[in-house]
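Read through the structure below, which is laid out as structure tokens, and then see the notes.
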Amino acid sequence: MSPLHLLISVLIMMVWGGNFAVMKTAIEYVPPFSLLALRYAVVALVLVPFIKVPRAHLKQIFIYGFLMGGLHFGFIMTGLRYVDASTVALLTQVGVPFSTILAAVIFKDYPGWRRWLGIGLAFVGAAVIAGEPRFEGDILWIGMVIFAALVWAVGNIQVKAMTGVDGLALNGWMALFAFPMLAVWSLLFEEGQVDAYLAAPVIGGAALFYQSALVTLFGYGFWFWLMKKYQISLLMPFTLLGPTFGVAAGVMFLGEPMTYNMIVGGLMTLAGVGIIVLRRPTLLADTKRYKAEP
């Protein structure tokens, strides 16, 4: 890779990893479902008018929008209310072993012993993190984050079933379908949305800009471009930087503790995910074109 493309790859992972800290900060001031709804509204407005309608896959994209927008990010945001951003950044990585298991069940893509080792390491690492004493009484919120990772894996399978759909088209139309779902969630479970944004216009606006412009348009846009230029096996290892930056952002900017459980469990989880990705980089290729870290 050229130095410029290497820098762009690292910057994308920095933006995606840092998003956990951004979301954690933002939802202390603005309702999370409303923020997600606005994010998808902006993405849909920017992308949908300029992309071809994937008519043959609209039903599947609607389901994908419900999984990713309505469930995955919804549970991530709920978990972030009570769990450190750095912890969430690590726990969401169990979506990779979940995807591997689902691929074995549905597509008969059975893992070898090395990938089984990676699956085991990732889950044990997540258990070490979740078993930290300071999370006693918060197992429900930890469970929500892990469930969100499982939903991500189901969405991965949904994407693999869709062939011939452009990444930008999938993101744009998924955003169009996810926006009204999240708007309904916000109306049902939140209140004072307008007052919250008026009280914290800078934070709300900055979070919306970060999520829509940087995470989606910059991050996904350049990631799709890189995926067309380079082999998957060259790009997939970069995805391990996402949770690393996520942990760093939580510790540096939010003052979150870096505990023994976090270090040991995080290294085990990332090692397990690394084994899976390096042994079979194409496993997550389709999903990584469209969706990486939240």
Side-chain angles (χ1 to χ4, degrees), residues 16 19-20 22-24 26-27 30-48 51 53-54 57-83 88-89 91-95 98-99 102 106 140-162 165 167-191 193 196-197 204 207-208 210-212 215-217 219-220 286-294:
W16 283 342
N19 193 34
F20 291 99
V22 171
M23 290 190 296
K24 177 72 171 177
I27 62 178
V30 298
F33 291 138
S34 68
L35 177 61
L36 283 174
L38 288 173
R39 167 189 175 175
Y40 282 120
V42 171
V43 171
L45 284 172
V46 172
L47 293 181
V48 170
I51 53 180
V53 180
H57 299 286
L58 285 180
K59 181 179 179 180
Q60 292 170 302
I61 295 174
F62 177 83
I63 296 173
Y64 183 68
F66 172 75
L67 290 171
M68 301 307 302
L71 293 183
H72 172 73
F73 283 120
F75 278 100
I76 287 287
M77 286 294 209
T78 304
L80 270 172
R81 281 180 175 270
Y82 306 95
V83 183
V88 173
L91 289 178
T92 53
Q93 297 308 298
V94 298
F98 276 139
S99 291
L102 289 176
I106 297 174
L140 174 62
W141 316 118
I142 294 286
M144 283 189 176
V145 175
I146 294 175
F147 179 75
L150 175 60
V151 173
W152 179 87
V154 176
N156 185 357
I157 299 301
Q158 183 74 15
V159 168
K160 289 175 72 68
M162 288 185 277
V165 181
L168 287 175
L170 179 60
N171 264 297
W173 283 90
M174 185 271 277
L176 185 65
F177 290 139
F179 159 66
M181 299 179 196
L182 289 161
V184 170
W185 285 184
S186 181
L187 290 173
L188 289 176
F189 301 113
E190 297 172 341
E191 58 184 19
Q193 294 91 328
Y197 284 96
L208 180 60
Y210 190 98
Q211 296 233 321
S212 56
V215 172
T216 303
L217 300 178
Y220 296 152
D286 292 334
T287 295
K288 290 294 184 182
R289 286 191 183 97
Y290 315 127
K291 154 76 179 66
E293 306 305 329

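Treat the numbers as computed from the prediction; the structure is a model and nothing was measured.
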| query | Is M23 close to P32 at the side-chain level, that is, under 4.5 Å between some pair of heavy atoms? | reply | no

| query | If you round to the nearest 0.5 Å, how far is OG1 of T92 from CG of L150? | reply | 13.0 Å

| So, the side chain of W141 versus the backbone of L80: is there a donor-acceptor pair under 3.5 Å, distance only? | no

| Taking atom OG of S186 and atom CD of Q193, what is their separation to the nearest 0.5 Å? | 3.5 Å

| note | One should read off an interatomic distance between Y64 OH and N171 CG, to the nearest 0.5 angstrom, of 6.5 Å

| query | What class does the angle between the rings of W16 and Y220 fall in, given that below 30° is parallel, 30 to 60° is tilted and above 60° is perpendicular? | reply | tilted

| field | Nearest non-hydrogen partners of L176 and P180, listed with the distance | value | O-CD, 3.0 Å

| remark: Output for pair (M174 CE, L67 CG), nearest 0.5 Å, gives 10.0 Å

| field | Closest contact, heavy atoms only, A149 versus V94 | value | CB-CG2, 3.6 Å

| field | Backbone N/O of L217 and side chain of S212: donor-acceptor pair under 3.5 Å | value | no

| query | What's the shortest heavy-atom distance between A148 and F75, and which atoms? | reply | CB-CB, 3.9 Å

| field | P31 to S34 - nearest heavy-atom pair and separation | value | O-OG, 2.7 Å

| remark: From the list I146, V145, L140, side chain to side chain contact (heavy atoms under 4.5 Å, CB included) with I142 holds only for I146

| remark: Shortest non-hydrogen pair, S99 vs W152, comes out as OG-CZ3, 3.2 Å

| said: So W185 and L36, do their side chains get closer than 4.5 Å, heavy atoms only? | reply: no

| task | State, yes or no, whether a side-chain contact exists between M68 and F177 at a heavy-atom distance under 4.5 Å. | result | no

| query | Would a 4.5 Å heavy-atom cut-off, applied to side chains only, mark Y197 and L35 as touching? | reply | yes

| CG on L187 to CZ on F33, rounded to 0.5 Å | 12.0 Å

| field | Test item: L182 and R39 side chains (from C-beta on) under 4.5 Å apart, heavy atoms | value | no

| query | Minimum heavy-atom separation for V48 to G172, with atom names? | reply | CG2-O, 3.4 Å

| Taking C-beta and beyond as the side chain, do Q211 and V43 meet within less than 4.5 Å on heavy atoms? | no

| What distance separates L58 CG from I63 CD1, expressed to the nearest 0.5 Å? | 11.5 Å

| Going by heavy atoms in the side chains, are V53 and W173 under 4.5 Å from each other? | yes

